[in-house]
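First up is the structure itself, then whatever we jot down about it.
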Amino acid sequence: MNAQNTAILAYGPAAIAEAARLILAGQPVAMPTETVYGLAADATNGEAVARIYEAKGRPSFNPLIVHVRDLAQATEIAAFDDDARALAELYWPGPLTLVLPLRDDAPIASLVTAGLPTVALRVPAHPAMQALLAAADRPLAAPSANASGRISPTRAEHVLASLGGRIPLIVDAGQTAHGLESTIVALTGGPPRLLRPGPVDLGLTVATDGRIEAPGQLRSHYAPDKPLRLNASDAGPDEWLIGFGPVAGDATLSPSGNLIEAAAKLFEMLHEAEAAPVPKIAIAPIPEAGLGAAINDRLRRAAAPR
Ligand code: TXA
Ligand code: MG
C-alpha cells in the first residue's frame, strides 16, 4: 500500500468529525476503546473492511468484532435469545463481545465475518468510540490497531509505531483503561462458551472447542462444499469459474485486478459458486502481493483436502 501521512488528533469534537468523514469515505481510523486501540472501518462496506486487512498486513482473514451503539442496533445484525439479551443488558456498554447468529438481513459486509453465519458484537464503553458510532451512524468493524503479529496497542504511540504511514488518522485519548481485549462469549446454541478470556469474568473456562470457533486456525475452515481448483485460466465443463483481472469467469472478484475489491467480494463469490448448478469451482490466479496473500491463504484452506 502507498505510504501516507498519519495524523494524530486528540480526542474531541474536531477529531471525531474528521474520523467520521474518513469512515464514510471508506478509510480505516485508529480509535481508542476501553480495552485496546481498534482500527475501525465501516462494517457495511466490504472495501473499507478490506483496507483494515491491507493496513494490518494480516496474512489471513479472521472474523472481526462489530462495534455498535446499543442493543437496539445490535439486534439489527444478530439474533438475540434470552441469554444473549440478559448478558448484553448486564455488561453493555463494556468489554464483553458476544458471538451470535448473523441475521439474514444484517447490513454487514461478508468480509467482516469471513463468510461465517455468526457475528461478534460489542457496545464499547469509551466515549470516543461511542461518539464515532453516533457521528458515522453505522456499525464499525474494529480489530486491535496493530500490525499483524504485533502486540495490541494501549496508547496512540503504539499504534503509530505499528501502523504509522499505513492509515490516515489516529484519535488519541491516552492510555486505555483495561489494556486487554474484550472477553468473547459465543451464544450460538447450547450453553455459553468462553472463546477469549478478558476483563469481564463470567465464571466460564475457555471452551475446549474454542479452536473450532476461531476459524482462521482450521486448515479447511469454511470451505465450500464443492472441490475448488486454484490458478485456473479457464473453466472445465462442470466448473463455475471465479475470475480476476484478465480471467473473466462466470463472475469476477475484480475485472480490473484490484485486490481491495477482490477481498471485499471473496466470500460472496464463494457462496455464489457453492450455489451454482455445476459440481465444481475453479478460480483464477490471484497475485501473492499485499491483500493477495490473505486471499490466497483463504483459497488454499478452501481447496485443502478434508
Ligand atoms: O477489545 C476488543 O475486543 C478489541 C477492541 C478494538 O474492541 N478488538 C479485538 O478485535 O480484539 P480482534 O479482531 O483483534 O479480535 C477478534 C476476535 C478474534 O479472535 C476472532 O477470531 C473472534 O474475535 N471472532 C470474531 N468473530 C467471530 C465469530 N463469528 N466466531 C468466533 N470468533 C469470532
Ligand atoms: Mg488482535
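Counting convention: from 1, in listed order, for ligands and their atoms alike. These numbers come from a predicted model, not from an experiment.
Residues Arg300 and Leu230 have side chains in contact (heavy-atom distance under 4.5 Å, counting atoms from C-beta outward).
Proximity of His67 to ligand 1 is established by a heavy-atom distance of less than 4.0 Å. The shortest separation from a heavy atom of Asn62 to ligand 1 is not under 4.0 Å, leaving the residue out of contact.
Exactly one of Arg122, His178, His126 qualifies for a side chain to side chain donor-acceptor pair (under 3.5 Å) with Thr35. That residue is Arg122. Screening Val112, Thr97, Leu98 for a side-chain contact (heavy atoms from CB on, under 4.5 Å) with Ile65, the sole residue that qualifies is Thr97.
The proximity of Thr35 to ligand 1, defined as any non-hydrogen pair under 4.0 Å, is limited to the side chain. Neither the backbone nor the side chain of Thr113 comes within 4.0 Å of ligand 1, counting heavy atoms alone.
The heavy atom nearest to atom 33 (C) of ligand 1, considering only Pro117, Ala142, Pro63, is found in Pro63. Nearest-residue assignment for atom 15 (O) of ligand 1 (options His178, Arg196, Lys56, Glu181; heavy-atom criterion): Arg196.
Within 6.0 Å of CG in Asp105 there are more than 12 heavy atoms belonging to other residues, nucleotides or ligands.
By the 4.0 Å N-to-carboxylate-O rule, Arg51 lies too far from Glu54 to be salt-bridged with it.
Among the atoms of Asn146, no N, O or S atom falls under 2.8 Å of the Mg ion (ligand 2).
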Determine whether Ile108 and Val66 satisfy the following criterion, side chain to side chain contact (heavy atoms under 4.5 Å, CB included), listing intermediate values before the conclusion.
CA-CA 9 Å; Ile108 295 296; Val66 176; 4.3 Å; yes
